[in-house]
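Data block below; observations after.
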Amino acid sequence: MSATWRNWGGNVSARPGLVTEVSSIEGVRGAVRTARERGVPLRVAGSGHSFTPLVATDGVLLRVDGLRGVLDVDRERARVRVAAGTPLHELNPALQALGLALPNLGDIDRQTLSGAVATGTHGTGVRLQGIAAAVCGLTLVLADGSLLRCSAEEEPEVFQAARVGLGALGVVVELELQCVPAFRLHARESGESFAGVLASIHDLADSHDHVDMHWFPHTDRVLVKRNDRVGPGEGPGPLPAWRRRLDDDLLANRVYEGVNRLLSRVPAATARANQLSARALGAREFADDSWRVFCSSREVRFVESEYAVPRRAVVPVLTELRAWFERSREPVPFPVEVRFVGADDVWLSTAYERDNAYVAVHQYHRMDPSRLFAAFEAIVAEHAGRPHWGKVHTLGAERLGELYPRFADVLAVRDRVDPDRRFTNDHVRHLLGD
Ligand SMILES: Cc1cc2nc3c(=O)[nH]c(=O)nc-3n(C[C@H](O)[C@H](O)[C@H](O)COP(=O)(O)OP(=O)(O)OC[C@H]3O[C@@H](n4cnc5c(N)ncnc54)[C@H](O)[C@@H]3O)c2cc1C
């Protein structure tokens, strides 16, 4: 037996029979061959930032973080070919050096590219899409050890199924990305009232390139982040290094960790602490390279559930969630995050053919998230909520089949490329069936 594997949130662990680290496509093929010869399943681990047990296995755990780097650039079409395990925090500056960027990103950059794409990781912006929508080609090692390249023109069905593929179709070894020219964002962050934000939420989403909201439960305060594109030399300068350190390192991480630890022992003080946290994150305005604005450091461990609901459902969902907090007084020190993303055509994307609002609830890792997650799931179930694949939820194949119009097509592709179910585990069986 090898050592225990744990995810970032600490809520999932596994004892793989074998952990294999690879740095070449041949290495990946070797690992798949080993799993086949031993008759055991194989799961790929990215950087372990999913809160769902997607990676857990007692078979072969394949680490792909040795497959990294930008392999090729097509400057005319602004496309790059990237090794699957490249972490976003290496990819972003590498793209910048080429004068390129991803059109949208989530709020951290610790994930591997393949892990972020496989679960449908997204940022915010009604006219933009999740990271998987920027993928224009994939190369996979399949269960029989063969190498398959797919795109909208080549093996299009595999391409549609494998972009947000949950690691269930094969091992992704390379991804091709459609980038945009590097750009800067002008960030404006301010504290506002819950009622005011709710009254103008659709105007807010429509009138900015990216809007991200953090509402502190048990308070009337919402931190609203508006990010808009600006040309070179426009807008204010970047945050000074001391301010970034004060906000991100000290307030958002070290002080916040201390507050959360205290609250895990004295939960009754949560509402009061949330008032203070909401006010501590004051107004800021700055401009910087897009990826420096999108991503920040998140050191305080938590567990999270996030659902995509049709855009029009965002006000009812937030109103019901607020009523639940008032009724239950559940101690939750972490903010509820609200974002918007436009529809895409990726079969298992939460935004498949639907403009979405994303609502996320978080709980500090030393506090019990079960009541919060159950109440939240009951609310979004009434609004055709589609769960983020990497964040805690309980939905299984039957309900997911109703929520995803191309679910049966994904299963058909899986039957073709992995008939013996080499790339499965208990959680994937729950999601996709046997
Ligand atoms: C602090 C924090 C902040 C986050 N912020 C956001 C956010 O802003 N937006 C958002 O949408 N999500 C966010 N997430 C969720 C996160 O982006 C996803 O869970 C993502 O999948 C994590 O990537 P990873 O590299 O850690 O992958 P893992 O969690 O290690 O793996 C995820 C899945 O990808 C599969 N996989 C990985 N690599 C391959 C490969 N090469 N071939 C086949 N399958 C593969 C794995 O088998 C697994 O099924 C956040 C998570 C955390 C912990």
Side-chain angles (χ1 to χ4, degrees), residues 5-12 14 22 25 28 31-32 41-57 60-68 82-89 91 104-124 129-132 138-142 162-175 210 212 252-253 294-308 334 337 339 341 348-351 356 358 360 362 365 387-392 418 422-425 427-428 431-432:
W5 176 92
R6 267 179 224 293
N7 68 338
W8 180 90
N11 64 321
V12 181
V22 290
I25 294 179
V28 172
V32 171
L42 177 149
R43 295 296 295 163
V44 180
S47 58
H49 276 57
S50 294
F51 300 97
T52 44
L54 278 168
V55 171
T57 185
V60 175
L61 187 89
L62 177 63
R63 302 198 61 109
V64 289
D65 20 4
L67 299 175
R68 52 217 290 172
V82 182
T86 309
L88 298 179
H89 64 87
L91 177 62
N104 205 359
L105 285 167
D107 51 23
I108 59 156
D109 58 10
R110 298 295 107 182
Q111 311 94 320
T112 58
L113 176 63
S114 56
V117 169
T119 58
T121 293
H122 63 88
T124 183
Q129 296 155 337
I131 299 177
L138 284 177
T139 305
L140 296 127
V141 171
L142 299 181
R163 275 190 285 175
V164 176
L166 315 173
L169 298 173
V171 183
V172 175
V173 288
E174 291 177 4
L175 300 97
H210 314 269
D212 193 353
N253 287 318
F294 286 133
C295 304
S296 41
S297 117
R298 295 264 190 284
E299 302 295 333
V300 184
R301 306 275 158 147
F302 57 81
V303 287
E304 178 176 355
S305 175
E306 183 179 53
Y307 269 81
F334 269 76
E337 187 174 15
R339 294 179 275 187
V341 179
L348 285 186
S349 162
T350 45
N356 278 328
Y358 288 80
H362 314 72
H365 72 123
H388 187 304
W389 297 105
K391 305 192 184 177
V392 179
D418 186 19
R422 185 69 51 217
F423 302 112
T424 198
N425 66 9
H427 184 60
V428 173
L431 298 174
L432 302 181

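What you see is a predicted model; the values in this text were computed from it and never measured. Atom set for the values below is all heavy atoms of this structure, side chains included, hydrogens, waters and symmetry mates excluded. Order of listing sets the numbers, starting from 1, for every ligand and every atom in it.
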Any N/O pair [X]/ligand 1 closer than 3.5 Å:
| X | result |
| --- | --- |
| Arg43 | yes |
| Thr112 | yes |
| Gly48 | yes |
| Ser114 | yes |
| Val64 | no |
| Val171 | no |
| Glu306 | no |

- request: Would you please name every residue forming a side-chain hydrogen bond (donor to acceptor under 3.5 Å, both in side chains) with Asp109, sequence neighbours left out?
  value: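 Partners of Asp109 by the side-chain hydrogen bond (donor to acceptor under 3.5 Å, both in side chains) criterion come out as none, since no residue qualifies.
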
query: Under the side-chain hydrogen bond (donor to acceptor under 3.5 Å, both in side chains) test, which residues partner Thr119, sequence neighbours left out?
result: Thr121

task: State which residue, out of Val22, Val55, Thr57, fulfils the side-chain contact (heavy atoms from CB on, under 4.5 Å) condition with Leu62.
output: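 So, applying the side-chain contact (heavy atoms from CB on, under 4.5 Å) to Leu62 and each of Val22, Val55, Thr57, only Val22 qualifies.
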
Does any non-hydrogen side-chain atom of [Y] lie less than 4.5 Å from one of [X]?
| X | Y | value |
| --- | --- | --- |
| Lys391 | Tyr358 | no |
| Val141 | Ile25 | yes |
| Gln129 | Asn104 | no |
| His365 | Asn11 | no |
| Leu175 | Ser114 | yes |
| Phe423 | Val428 | no |
| Leu431 | Leu54 | yes |
| Leu140 | Val173 | no |

Among all protein heavy atoms, pick the one closest to [atom] and tell me residue, atom and distance.
| atom | value |
| --- | --- |
| atom 12 (N) of ligand 1 | His388 NE2, 3.2 Å |
| atom 27 (O) of ligand 1 | Gly115 CA, 3.5 Å |
| atom 44 (N) of ligand 1 | Gly167 CA, 3.3 Å |
| atom 15 (C) of ligand 1 | Lys391 CE, 3.7 Å |
| atom 51 (C) of ligand 1 | His49 O, 3.4 Å |
| atom 29 (O) of ligand 1 | Ser50 OG, 2.7 Å |
| atom 9 (N) of ligand 1 | His122 O, 2.8 Å |
| atom 47 (O) of ligand 1 | Val44 O, 2.7 Å |

At under 4.0 Å between heavy atoms, which part of [X] makes contact with ligand 1: side chain, backbone, both or neither?
| X | value |
| --- | --- |
| Thr119 | side chain |
| Trp389 | neither |
| Val55 | side chain |
| Ala118 | side chain |
| His362 | neither |

query: What are the atoms of ligand 1, with element, lying closer than 4.0 Å to any heavy atom of Leu166?
result: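 Counting from 1, the qualifying ligand atoms are 49 (O).
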
- request: Show which atoms of ligand 1 fall inside a sub-4.0 Å distance from at least one heavy-atom site of Phe302.
  value: 1 (C)

Side-chain ion pair, Arg339 and Glu306, N-O less than 4.0 Å: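 Salt bridge flag = yes for Glu306 with Arg339.
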
- request: Run down the list Leu54, Leu88, Leu67 and name the one with the heavy atom closest to atom 48 (C) of ligand 1.
  value: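 Result: the heavy atom closest to atom 48 (C) of ligand 1 is in Leu54.
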
field: Winner among Thr124, Ile108, Val173, Ile131 once heavy atoms are compared against atom 2 (C) of ligand 1
entry: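 The nearest heavy atom belongs to Ile108.
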
Close approach, [X] and ligand 1, non-hydrogen under 4.0 angstrom:
| X | result |
| --- | --- |
| Arg339 | yes |
| Gly9 | no |
| Phe423 | no |

message: I'd like to know if the side chain of His89 reaches the main chain of Arg110, judged simply by a donor and an acceptor atom lying under 3.5 Å from each other, with no hydrogens or angles considered.
response: no

query: Does atom CZ of Arg6 have more than 12 heavy-atom neighbours, drawn from other residues, nucleotides or ligands, at distances under 6.0 Å?
result: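 No, not enclosed.
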
task: To the nearest 0.5 Å, tell me how far Thr112 OG1 sits from Arg68 CZ.
output: 10.0 Å

message: Show, in sequence, the C-alpha distance, side-chain angles and deciding distance for Val341 and Thr350, and conclude whether the side chain to side chain contact (heavy atoms under 4.5 Å, CB included) test is met.
response: CA-CA 10 Å; Val341 179; Thr350 45; over 6 Å; no

